[in-house]
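What follows is a set of notes on a single structure, which appears directly below.
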Protein chains: 4
Amino acid sequence: MPDAATEPAKRGRPRRGPDPERFREIVDAAAEVFLEKGYSATSIQDISDRVGILKGSLYHYVRSKEDFLYRIIKDVYDEAIDDIRKIGEGEQEPLARLAAFIRAHVRFAAAHLTAYTIQLREFEQLSAERREEIRQGGETYVEALQAILEDGQAAGLVDASLQVRLASIIITGELNSMTRWYSPKGSLEPDQLADVYVGMVLTSVASEAAVTKAGGVEALRTEFALGQG
Amino acid sequence: MPDAATEPAKRGRPRRGPDPERFREIVDAAAEVFLEKGYSATSIQDISDRVGILKGSLYHYVRSKEDFLYRIIKDVYDEAIDDIRKIGEGEQEPLARLAAFIRAHVRFAAAHLTAYTIQLREFEQLSAERREEIRQGGETYVEALQAILEDGQAAGLVDASLQVRLASIIITGELNSMTRWYSPKGSLEPDQLADVYVGMVLTSVASEAAVTKAGGVEALRTEFALGQG
Amino acid sequence: MPDAATEPAKRGRPRRGPDPERFREIVDAAAEVFLEKGYSATSIQDISDRVGILKGSLYHYVRSKEDFLYRIIKDVYDEAIDDIRKIGEGEQEPLARLAAFIRAHVRFAAAHLTAYTIQLREFEQLSAERREEIRQGGETYVEALQAILEDGQAAGLVDASLQVRLASIIITGELNSMTRWYSPKGSLEPDQLADVYVGMVLTSVASEAAVTKAGGVEALRTEFALGQG
Amino acid sequence: MPDAATEPAKRGRPRRGPDPERFREIVDAAAEVFLEKGYSATSIQDISDRVGILKGSLYHYVRSKEDFLYRIIKDVYDEAIDDIRKIGEGEQEPLARLAAFIRAHVRFAAAHLTAYTIQLREFEQLSAERREEIRQGGETYVEALQAILEDGQAAGLVDASLQVRLASIIITGELNSMTRWYSPKGSLEPDQLADVYVGMVLTSVASEAAVTKAGGVEALRTEFALGQG
DNA sequence: CATGAATGAGATTTCATTCAT
DNA sequence: CATGAATGAAATCTCATTCAT
């Protein structure tokens, strides 16, 4: 995976590549502006203003405006994929795994709020080839969720009549929608938000047996909570 | 609400403005393109190409590109507000009202998929004044939802420990996220989707009492379903 | 031969196409500047200045700077090909055909001096696809010349030991080089120049027999001359 | 001839300038690229890529892009002038001198193909001062040729009715056009090509007397040939 | 010598908008 | 109403050149 596509401005032979810290600084500036104005409505000028550099100078780091978007999205995407893989490696119980999945997602989205939001909003603005390349990343959130729900059904803990694929899509949308309003500057900590999500999602799919086992819906709703932040 | 801004090209002589059908046709074309490419990434050319007209000609119908966006959003927004007002006027029982609210939302979003999606995605691209003007429309979805949930808590049917404001935001996001994947061309009918949403949302907020009353979570999950479409 | 490639700015459906006279005016202006400064050294600004228009306005007529070059070259090329085809349709005698070919070439180059010069100089600046497309035009000057010389050898009028292919290339270069210095503003008429070319080229390839038949080299050198202009 | 302009980076301290071999290497790289893409279409990047160096580094050798062009052209030009001077110093007979001139030209062009081609094509891209400076080099090819032809007419060996100035220009164009197709990689040796040129050019200007003296055109055409290479 | 960051100017192209016909 | 030419501003990108390290 040499990823030559954005290896900033590698044309000829030499080039150790530019200072990676500076590069990150610049990509982060781009991300901020993309978040505020939207990718298409952002000009290269906007980015260079944010960095405090002339617009032409940005092309030291990147070959096109789209490269910025690509970098931002590729990076979160790769990390997100890693994250998914690790989830529930310990947990065997499906509802516990579901809870862990949700919490991981909320934490991740909160930790990479800017980039993750951009990925959700602007993915379609990437060129077809790059969209394809990134999508190959493998298993998606939806698929991972679906697998957990299926395990849950097999274990009798998830409502057997649930349309698992559809539910996964709905839950994913529910979780992702936090990017539309969540701010790290607010008083709501990621883990507190995760507690709420976990409670709502679990009860929205739990089987009768799961509810009973937990001692009722309200009990189930707090069973996997971390408590006050 | 004089709304002169987009009253298509009313200037100078006593003109009744252009053929309203043609106008709708053109605004719909604009909406299609905005949906496909995003507002900022759409050029006036793109729209005129879709209509089969030269770009200069569009200015007979509209005074600026933003007018298209405004028209599209204003129209759905107004209809949506009307819709909300009607909800549950009959229903007195909070969970029934919640179910009705959800169903109405799904139906509405499905019926106005393009415009509603654009409203969600591109609202921020409107000028500050127009955003302001539109927002004055009144009570939002979130507030309406919140009111229902509060009634539910008062009636002991919604989990008393639920953070109602937060839950309303989450549920709204969950419902709105259907615009990211739902297609009227698929085999899933709006009412079928609503059934699923209703089941998941209701159980995600229901109190112990509500569950018991319904005869268990699974029962509650289908209590307000319309059944097969 | 729809030739959509430069059909000026046809994006959507409609478009009868712009005023062809204005288009020609603009392409001619571009040709002038290309001739003076060279294609690569010419900016779109240079062209628009020459036309007396803003640079952006040029994109009404053309989709890229290269389109100008393409138009210029394609047009002369097509006419040149037509020209070649007609040559010597009457003449049966090889040396007469050779003389006619040379005269036609000189007249053509003089008549289309700007465009023909650009074609010779800047052909390589076209994109690979366009070069390919144009080359398909068919038989080239060199091939046409070669055919005439071969006929001449068969008839014993061209030196049998001549390397016909090589001679054709050399003669073509000799003829084309007039674009490097010829000016219609000078006192040398195209037909006078053609007389000189005809005399020099014919004697440079003539067989012993041809010379004898003409009554000597000097006689041969004037045999196909039109005389004073 | 102080020529400080490109005396590679001699400023400030007592420096002998950079390694001349490295300098030549770099200028040669520039020449290659100029030949392939044309001077104006070549970027400093292109050159530095070819050398395998970063573009900023080129400015250790040269003060501007034009300096490369100047170096290349100046060098061939100077050598070419030297070459002309030597021609025919031995030969007294005009046709022999003409043959020697042609052979020398072909050899020279073949030996310095890249630089000579660039000189022909890109001379006009030099600044006015540098063009002037170089032209002062003295007598040009055309003038040298013209002198030979005039001697030939005086000796009765060149067609008396020939417009000598015009013929010189034509022959020069004929010879120079070899740069448009000749390749040292092909099987045609410079001397073989020179044989052909000599034969064609001599018969194209020879007087009746010269032909008779040689024993016919065909004989004249091979009289000064070196034969198979 | 070479690097790599940056500059500043300019190149090509796009695009919303206007307007005479 | 529609056209098509044009505007004027801005957007993306290129590039020769400089310079501290």
Side-chain angles (χ1 to χ4, degrees), chain A residues 8-9 11 14-19 22-23 26 40-48 51-67, chain B residues 8-9 15 17-19 22 40-48 51-68, chain C residues 8-9 11 14-19 22-23 26 40-48 51-66, chain D residues 9 15 18-19 22 40 42-48 51-68:
Chain A
R11 243 184 275 209
R15 193 61 60 96
R16 258 199 325 277
D19 179 3
R22 181 68 169 143
F23 182 53
I26 286 170
S40 293
T42 296
S43 75
I44 284 287
Q45 188 61 272
D46 291 331
I47 300 172
S48 65
V51 181
I53 219 180
L54 290 180
K55 62 188 154 138
S57 307
L58 288 179
Y59 290 83
H60 241 283
Y61 299 92
V62 121
R63 280 222 260 284
S64 71
K65 182 182 158 186
E66 199 212 355
D67 277 4
Chain B
R15 272 211 210 142
D19 178 3
R22 181 75 168 136
S40 292
T42 296
S43 73
I44 284 286
Q45 263 287 9
D46 291 330
I47 300 172
S48 64
V51 180
I53 220 179
L54 289 185
K55 64 182 163 160
S57 311
L58 288 180
Y59 288 82
H60 287 288
Y61 298 93
V62 119
R63 287 230 252 282
S64 73
K65 181 181 159 187
E66 199 211 357
D67 278 4
F68 280 118
Chain C
R11 244 184 275 210
R15 193 60 61 97
R16 260 198 325 275
D19 179 5
R22 180 70 169 141
F23 182 53
I26 286 170
S40 293
T42 296
S43 75
I44 284 288
Q45 187 63 271
D46 291 331
I47 300 172
S48 64
V51 181
I53 218 181
L54 290 181
K55 62 187 152 139
S57 308
L58 289 179
Y59 289 82
H60 242 284
Y61 298 92
V62 121
R63 281 224 259 282
S64 72
K65 182 181 159 186
E66 198 212 355
Chain D
R15 270 210 211 144
D19 176 6
R22 180 74 168 137
S40 292
T42 296
S43 73
I44 284 286
Q45 263 288 8
D46 291 330
I47 300 172
S48 64
V51 180
I53 219 178
L54 289 184
K55 64 180 164 160
S57 311
L58 288 179
Y59 288 82
H60 287 287
Y61 298 93
V62 118
R63 286 229 253 282
S64 73
K65 182 182 159 185
E66 198 211 357
D67 278 4
F68 280 119

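Every chain is numbered from 1 and lettered A, B, ... according to where its sequence line falls, protein lines coming before strand lines.
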| query | Counting only N and O atoms by type, is there a donor-acceptor contact under 3.5 Å from the side chain of B:K65 to the main-chain atoms of B:T42? | reply | yes

To the nearest angstrom, the NZ-P distance between C:K65 and F:dC13 comes to 18 Å

Here the distance between atom P of E:dT18 and atom CG of B:L54, to the nearest Å, is 17 Å

For DNA chain F, the dot-bracket notation using Watson-Crick and G-U wobble pairs below 3.5 Å, [ ] for pseudoknot-type crossings and | for other-strand pairs, is .||||||||||||||||||||

Between C:H60 and F:dA5, is there a contact of a side-chain N or O with OP1 or OP2 at under 4.0 Å?
yes

Indicate yes or no: at least one non-hydrogen side-chain atom of B:S48 is less than 4.5 angstrom from one of B:L54. no

Is the distance from OP1 or OP2 of E:dA2 to the nearest side-chain N or O of D:Y61 less than 4.0 Å? yes

Is the shortest side-chain N/O distance from A:Y59 to OP1 or OP2 of F:dT14 below 4.0 Å? no

note: A:L58, atom CG; F:dT14, atom C1'; distance rounded to Å ~ 14 Å

Q. Base, sugar-phosphate, or nothing for B:S43, non-hydrogen atoms under 4.0 angstrom?
A. sugar-phosphate

Indicate, with a heavy-atom threshold strictly under 4.0 Å, whether A:I44 touches base, sugar-phosphate, or nothing. sugar-phosphate

inquiry  = Base, sugar-phosphate or nothing for B:T42? Non-hydrogen atoms, less than 4.0 Å.
reply    = sugar-phosphate

